[in-house]
Amino acid sequence: MILAPDRTPLTRDFFDRPVLEVAPDLLGRVLVRDSDDGPIEVRLTEVEAYAGEADPGSHAYRGRTPRNDVMFGPPGHMYVYFTYGMWHCMNLVTGPEGEASAVLLRAGEITVGAELARTRRLSARNDKELAKGPARLATALAVDRSLDGADLCGDPASPFRLLAGTPVEADQVSEGPRTGVGGEGSVHPWRFWTANDPTVSPYRAHVPRRRRT
DNA sequence: CGAGCGATCCTCT
DNA sequence: GAGGATCGCTCGA
């Protein structure tokens with residue numbers, strides 16, 4: 001028998017753990033995004049861990065800056081960054097304040113509000129593509145830098161919550177190198193996804209940029 | 001479904 | 001001034 005997803009909101013204790021413990025534990029959890037247009041819920045299927053200032057793949061690697069400030073703050077907050085001149089990506093801050101660890105939300109299945117998500121993701125070829133990739137996920141949820149720092153635990157004004165959902169069993173958690181991260185940052189299998197889930201994004205190896213001619 | 005390729009601008013050096 | 005935790009488009013299988 002299949003249990004209905006648990007709608008209990010996760011508390012700050014969930015996030016206040018080592019990032020490599022939190023990241024795989026996020027699979028199967030449900031992120032709620034409220035907005036004036038209506039609610040959207042996503043069952044998370046793919047994430048990546050970024051492990052503090054010592055992680056060469058992390059935005060925190062070169063220390064605290066205005067952009068990554070939220071990463072250094074308390075756990076259970078959303079870190080949103082803008083990249084490639086066009087896109088936003090979402091992370092959940094983990095570990096104790098000052099540690100700068102976070103989990104990039106890479107993909108999920110829209111379980112509530114798919115109709116609204118379709119209006120924001122007109123290029124999606126099917127519903128599995130609505131949140132298949134970190135920028136696509138942020139687009140489907142209408143997330144931008146204005147939501148950087150939003151609290152997921154206990155702030156009634158926050159548009160985000162994380163529900164317990166149906167956590168993925170350990171033997172259904174796949175892992176591999178992080179997408180688009182090169183060099184020393186690629187040696188660890190810190191990308192986690194739900195095995196055989198059709199909403200997981202395709203792996204893309206890191207490609208160094210060539211200058212325009 | 002996927003390989004190849006260009007877009008586009010913020011952030012930090 | 002360089003480069004990026006990516007994506008959409010096109011074309012072919």
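Numbered from 1 within each chain, the chains take letters A, B, ... in sequence-line order. None of these values were measured; they are calculated from a predicted model.
At a cut-off of 3.5 angstrom, the base of dA5(C) holds at least one donor-acceptor pair with the side chain of Tyr81(A).
The only option from Asp34(A), Val30(A), Asp151(A) that meets the side-chain contact (heavy atoms from CB on, under 4.5 Å) definition with Arg161(A) turns out to be Asp34(A).
Both Gly57(A) and Arg125(A) lie near DNA chain C, and the one whose nearest nucleotide falls closer to the 5' end is Gly57(A). Sequence order on DNA chain C of the closest nucleotides to Ala124(A) and Thr179(A) puts Thr179(A) first from the 5' end.
Partner assigned to dG2(B) is dC11(C), using Watson-Crick or G-U wobble distances below 3.5 angstrom. When Watson-Crick and G-U wobble pairs are counted only if both distances are under 3.5 Å, dA2(C) pairs with dT11(B).
Straight-line distance from the CZ atom of Phe82(A) to the P atom of dC7(C): 13 Å, rounded to whole Å.
Electrostatic pairing of Glu48(A) and Arg178(A) does not count as a salt bridge here, judged by no charged N lying under 4.0 Å from a carboxylate O. Between Arg118(A) and Asp127(A) a salt bridge is recorded (basic side-chain N to carboxylate O distance below 4.0 Å).
Each of dT6(C), dT8(B), dG8(C) was ranked by its minimum atom distance to the side chain of Arg136(A); first place goes to dG8(C). The His206(A) side chain lies nearest to dG4(C) when the options are dT11(B), dG4(C), dA5(C). Distances from the side chain of Arg145(A) to the nucleotides dC7(C), dT11(B), dG4(C) place dT11(B) closest.
For Tyr84(A) and dT6(C), the ring-to-base geometry satisfies the stacking test (centroid distance below 5.5 Å, interplanar angle below 30°).
Remark: Arg204(A) is in phosphate contact with dC7(C), judged by side-chain N or O atoms under 4.0 Å from OP1 or OP2. Between Ser123(A) and dG8(C) there is a side-chain N or O to OP1 or OP2 distance below 4.0 Å. Listed pair Arg121(A) / dG8(C) meets the phosphate criterion, a side-chain N or O lying under 4.0 Å from OP1 or OP2.
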